[in-house]
Amino acid sequence: MKIMLFALVVSTVLTSCNGNSNETAKVSEQLVTESNQKSFNKGDIVPSDLVCMVNDEYMGKKQFEVSFEGKTYYGCCQMCKERIPKDQSVRMAIDPLSKKQIDKATALIAITGDRGEVSYFENKATYTNYIKQF
């Protein structure tokens with residue numbers, strides 16, 4: 001499971017961040033050295049700092065913190081760090097149950113995909129009702 005997650009993270013970083021080799025090496029090295037990190041599964045609520053909010057994926061490792069208008073967002077690479085303040089679309093999400101637009105910085109985040117994809121929920125109630133579908 002950890003090897004699969006590691007491969008997914010490295011693949012995501014390489015494809016999503018246009019191969020920024022320095023950032024990729026840092027993320028890969030950090031993942032290898034922090035194998036005691038709690039593992040999360042599909043349906044689990046995850047800490048926001050373990051999610052790349054640009055790629056909407058659980059990364060399994062603390063991400064780069066990006067402050068914008070008094071809120072904290074997270075990204076996996078330099079491209080994400082630059083894009084978050086410039087692109088409102090990466091700071092917002094649609095709750096899959098209520099269909100309301102919500103701010104990722106204040107959302108409850110859960111893994112909802114088989115490859116670590118996450119969804120953002122406006123509250124625990126919409127998360128709980130959505131997860132019942134699994």
Side-chain angles (χ1 to χ4, degrees):
M1 176 68 178
K2 287 183 183 182
I3 293 172
M4 208 164 66
L5 178 59
F6 175 75
L8 171 67
V9 171
V10 172
S11 169
T12 300
V13 170
L14 287 172
T15 58
S16 301
C17 299
N18 298 321
N20 184 333
S21 60
N22 289 338
E23 298 300 329
T24 302
K26 287 179 189 174
V27 171
S28 298
E29 181 180 310
Q30 290 168 345
L31 283 170
V32 170
T33 59
E34 294 193 13
S35 60
N36 61 350
Q37 184 88 20
K38 182 179 186 236
S39 180
F40 293 93
N41 299 306
K42 185 175 178 180
D44 290 346
I45 295 172
V46 294
S48 57
D49 64 347
L50 301 182
V51 171
C52 174
M53 293 180 175
V54 175
N55 297 311
D56 299 324
E57 292 196 30
Y58 166 72
M59 304 300 275
K61 164 79 187 108
K62 186 167 174 59
Q63 301 300 291
F64 294 107
E65 190 173 297
V66 181
S67 296
F68 181 75
E69 294 184 346
K71 296 177 183 172
T72 303
Y73 301 88
Y74 296 92
C76 67
C77 66
Q78 186 62 37
M79 185 270 315
C80 294
K81 287 171 63 174
E82 293 171 5
R83 188 169 171 199
I84 288 169
K86 295 177 184 175
D87 186 352
Q88 180 184 10
S89 70
V90 299
R91 297 188 309 268
M92 304 303 287
I94 303 295
D95 182 305
L97 189 70
S98 71
K99 306 299 183 203
K100 292 182 183 177
Q101 186 177 40
I102 54 174
D103 191 317
K104 292 178 181 180
T106 60
L108 183 122
I109 307 172
I111 299 174
T112 55
D114 293 328
R115 296 183 178 166
E117 301 92 340
V118 299
S119 295
Y120 302 86
F121 298 89
E122 64 177 311
N123 55 46
K124 184 93 172 184
T126 60
Y127 157 76
T128 301
N129 289 325
Y130 183 80
I131 292 301
K132 288 179 184 177
Q133 300 174 25
F134 288 113

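The shown structure was predicted, so the numbers you read here are calculated from the model rather than taken from an experiment.
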Are D49 and K62 within salt-bridge range, i.e. N to O under 4.0 Å?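 Counted as a salt bridge, because a side-chain N and a carboxylate O are separated by less than 4.0 Å.
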
Output yes when K42 and D114 qualify as a salt bridge under the 4.0 Å nitrogen-oxygen rule, no when they do not.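 Yes, charged N to carboxylate O under 4.0 Å.
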
Verify side-chain contact (heavy atoms from CB on, under 4.5 Å) between Y74 and F64, making sure each step is shown before the conclusion. CA-CA 5 Å; Y74 296 92; F64 294 107; over 6 Å; no

List the atom of Q63, the atom of L50, and the distance in Å for their closest heavy-atom pair.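 Taking Q63 first and L50 second, the nearest heavy atoms are CG-C, 4.0 Å.
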
Smallest separation among heavy atoms of C76 and N55, with atom names: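 For C76 and N55, the tightest heavy-atom pair comes out as SG-ND2, 3.4 Å.
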
Okay, side chain of [X], backbone of [Y]: is any donor-acceptor separation there less than 3.5 Å?
{"X": "Q133", "Y": "I131", "value": "no"}
{"X": "D95", "Y": "E122", "value": "yes"}
{"X": "N129", "Y": "A125", "value": "yes"}
{"X": "D103", "Y": "A105", "value": "yes"}

Qualifying ring-ring contact (aromatic ring centres under 6.0 Å, His included) pairs, either residue in residues 86-129, two or more places apart: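 Residue pairs passing ring-ring contact (aromatic ring centres under 6.0 Å, His included), neighbours aside: F121-Y127, F121-Y130.
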
I45 and I109: CA distance, side-chain angles, deciding distance, side-chain contact (heavy atoms from CB on, under 4.5 Å) verdict: CA-CA 6 Å; I45 295 172; I109 307 172; 6.0 Å; no

Assess whether side-chain contact (heavy atoms from CB on, under 4.5 Å) is satisfied between I102 and I94, documenting all intermediate values. CA-CA 6 Å; I102 54 174; I94 303 295; over 6 Å; no

Should K104 and R91 be marked as a side-chain contact (heavy atoms from CB on, under 4.5 Å) after you check the CA-CA gap, both sets of side-chain angles, and the distance that decides it? CA-CA 6 Å; K104 292 178 181 180; R91 297 188 309 268; 5.7 Å; no

